[in-house]
Visitor: 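My structure is below; once you've seen it, I'll send some questions.
Below, all heavy atoms of this structure are taken into account, side chains as well, without hydrogens, waters or symmetry copies. Position 1 is the first residue of the sequence; numbering continues from there. In this text, all values refer to a predicted model and were calculated from it rather than measured experimentally.
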Amino acid sequence: MAKQRTSVISHIPATHWYICNLNIDHSEMCCSVVDINRKQLQDLRSVQGTLLRGLDTSLNRVMQSIHTYDGLNMQRKRHMIYRLIHDVHMSSVLDDWESKFHLLPSLLEEISLQNPSSHVCLQLDTKGRFNRLFLSLPNITMYQDLWMPVLQSDGTHMKHRLYNGICYLIIGHDDNGKNIFIVICFLPKETTEHLVWFFANCALCGLDLDEVAVFVDRGKALYAHKILHHMGLEINLKFCSWHIGNNVKLNFGGKDEDICVAISSLQQCLDGESYKQNLIDIHAKFPPKNSNEPFKCIAEYLASIHPMNWTVFGNSILTPQETHFINSTWPTKELFGAPIKLFGVKTTSANEGENNAYILNNLRDSHPFDAIILFLERSVATFENKRLNGRSWTSSQYNLVSFAKAVTDDQMLLHQAYQIDVVDFDSRIFRVKQMQNSLCINTLSLTEYTVDLDHKTCTRCPTHAQLPIPC
């Protein structure tokens, strides 16, 4: 038997590993700890080549790249990869965020140059940072006489963690009842000072705020109204009944549907008698509760709001008895405008709808720069649709827009539901009574109307008095 050859590693079992060479110099990526840290990971070429703008930065792709090119298994360091991806992404977002703020002045300047009749106002704070912005569409003074004299104003909070200001919109209605985007504004907070600045810019851009009904949420807008009044700027504010309903539900509770129906019925009352009766019905349906609130019940709370600030009755032509009723019931209540036709509007629902559109388009999570772009795109699309609709109506030889035509068609269906008596044949004045057993489309509190054909008037007709469309 041959003798086994001896060596320096003869004492090491064959199943064990041994170090054959040792490099005592530190390599570029060595920190003398058998663990890779965040700084080392970020400096790896595989990571730098993977986390580039426009490329897939998913966790699996980054881990696969590190394993392929650097031979590192990061299965136990997944959290570190997550944080690294987030940091790189946020640094890119911050770069975009800052660059868009720098682009805002040039964007607004270009809008102003291309649309000389538009109104643009951009203000910075004392440190030169973005503070507030106002932008209105061009040619407002030219076209506003063609719109319904009703505006809706409301704001929504932006949701991005780098900007949580308020986006304010003013929306009007064209002659067909469709929304028109008029103003977009960004404010840092919904304070009286900022709302004064907002409404002052609305006046500067040409909006006749005292000649139209401006529906707003109660609150800071009322304080702004007082300040603007002392400055000589009048605004005809009307209260949103939807926000009034929210205040009722917040302070008194109750079922949403029942409260909304009750408030809507009160808002749509056409005369003093139906207004009083609706308050009696609301008091019976929602009796007083033991509460520390200043108002004992819902009816008392609603009765504390001057009818002229929100109801159809308060904005109608009043009889002497109704004028005395209002003056004696609300002698000291403050008015925030004059009586004016409401054109069927009672809430800021148009703003709520556009705010929902902002949510669907992720604008509340975006930069003001992106919101302005969307505002302009939607405005252009709206006016283009209006132009096409107008061409379609004229080619079809319509003399009424579809909104007015629908109301007129409904009126034509009512002739069988009414009985007509002649009051003065020579003057062509008739008394129209609603039959008790008729299923009338337009069932309201009054069942008797006096129609004057020569003057084309109908007493307390909501179609003529509030729209106004000939009955």
Visitor: Go through the structure and list residues passing side-chain hydrogen bond (donor to acceptor under 3.5 Å, both in side chains) with Ser117, not counting sequence neighbours.
Guide: Asn139
Visitor: If we only count heavy atoms from C-beta on, is the His173 to Val345 side-chain gap below 4.5 Å?
Guide: yes
Visitor: Is it true that atom NZ of Lys178 has more than 12 heavy atoms of other residues, nucleotides or ligands lying nearer than 6.0 Å?
Guide: no
Visitor: Would you mind reporting whether His119 and Asn201 have side-chain heavy atoms less than 4.5 Å apart?
Guide: yes
Visitor: By the salt bridge (Lys or Arg N to Asp or Glu O under 4.0 Å) test, which pairs, at least two apart or in different chains, include something from residues 129-150?
Guide: Asp125-Arg129
Visitor: Does the side chain of His229 come under 3.5 Å of the side chain of Glu234 through a donor N or O and an acceptor N or O?
Guide: yes
Visitor: Compare all side-chain heavy atoms of Phe215 with those of Trp310 and state whether any distance is below 4.5 angstrom.
Guide: no
Visitor: Do other residues, nucleotides or ligands put more than 12 heavy atoms under 6.0 Å from the OH atom of Tyr143?
Guide: no
Visitor: Looking at Pro105 and Leu122, what are the two nearest heavy atoms and their distance?
Guide: CG-CD2, 3.9 Å
Visitor: Apply ring-ring contact (aromatic ring centres under 6.0 Å, His included) to Phe198 and Tyr168, showing your working.
Guide: CA-CA 9 Å; Phe198 168 69; Tyr168 250 83; 5.1 Å; yes
Visitor: Do the non-hydrogen side-chain atoms of Phe239 and Ile244 ever get within less than 4.5 Å of each other?
Guide: yes
Visitor: Are the side chains of Leu135 and Ile111 in contact, using a 4.5 Å heavy-atom criterion?
Guide: yes
Visitor: Give the ring-plane orientation class for Tyr275 versus Trp330, where under 30° counts as parallel, over 60° as perpendicular and anything between as tilted.
Guide: perpendicular
Visitor: Kindly determine whether Phe101 and His367 satisfy ring-ring contact (aromatic ring centres under 6.0 Å, His included), including the steps that lead there.
Guide: CA-CA 8 Å; Phe101 273 122; His367 195 284; 4.2 Å; yes
Visitor: Start with the C-alpha distance between Glu110 and Leu107, add both sets of side-chain angles, then the distance that settles side-chain contact (heavy atoms from CB on, under 4.5 Å), and finish with yes or no.
Guide: CA-CA 5 Å; Glu110 185 65 21; Leu107 171 65; 5.6 Å; no
Visitor: Compare all side-chain heavy atoms of Ile182 with those of Ile180 and state whether any distance is below 4.5 angstrom.
Guide: yes
Visitor: Does the side chain of Cys185 come within less than 4.5 Å of Leu133's, by heavy atoms?
Guide: no
Visitor: Looking only at side-chain N and O atoms, does Asp208 offer a donor or acceptor that is under 3.5 Å from a partner on Gln144?
Guide: yes
Visitor: Examine the side chains of Lys238 and Asn315 and answer whether a donor and an acceptor come within less than 3.5 Å of each other.
Guide: yes
Visitor: Between Asn385 and Thr382, does any side-chain donor sit less than 3.5 Å from a side-chain acceptor?
Guide: no
Visitor: Aromatic rings Phe181 and Phe375: how do their planes relate, parallel, tilted or perpendicular, breaks at 30° and 60°?
Guide: perpendicular
Visitor: With a 4.5 Å limit on heavy-atom distance, are the side chains of Ile326 and Glu322 in contact?
Guide: no
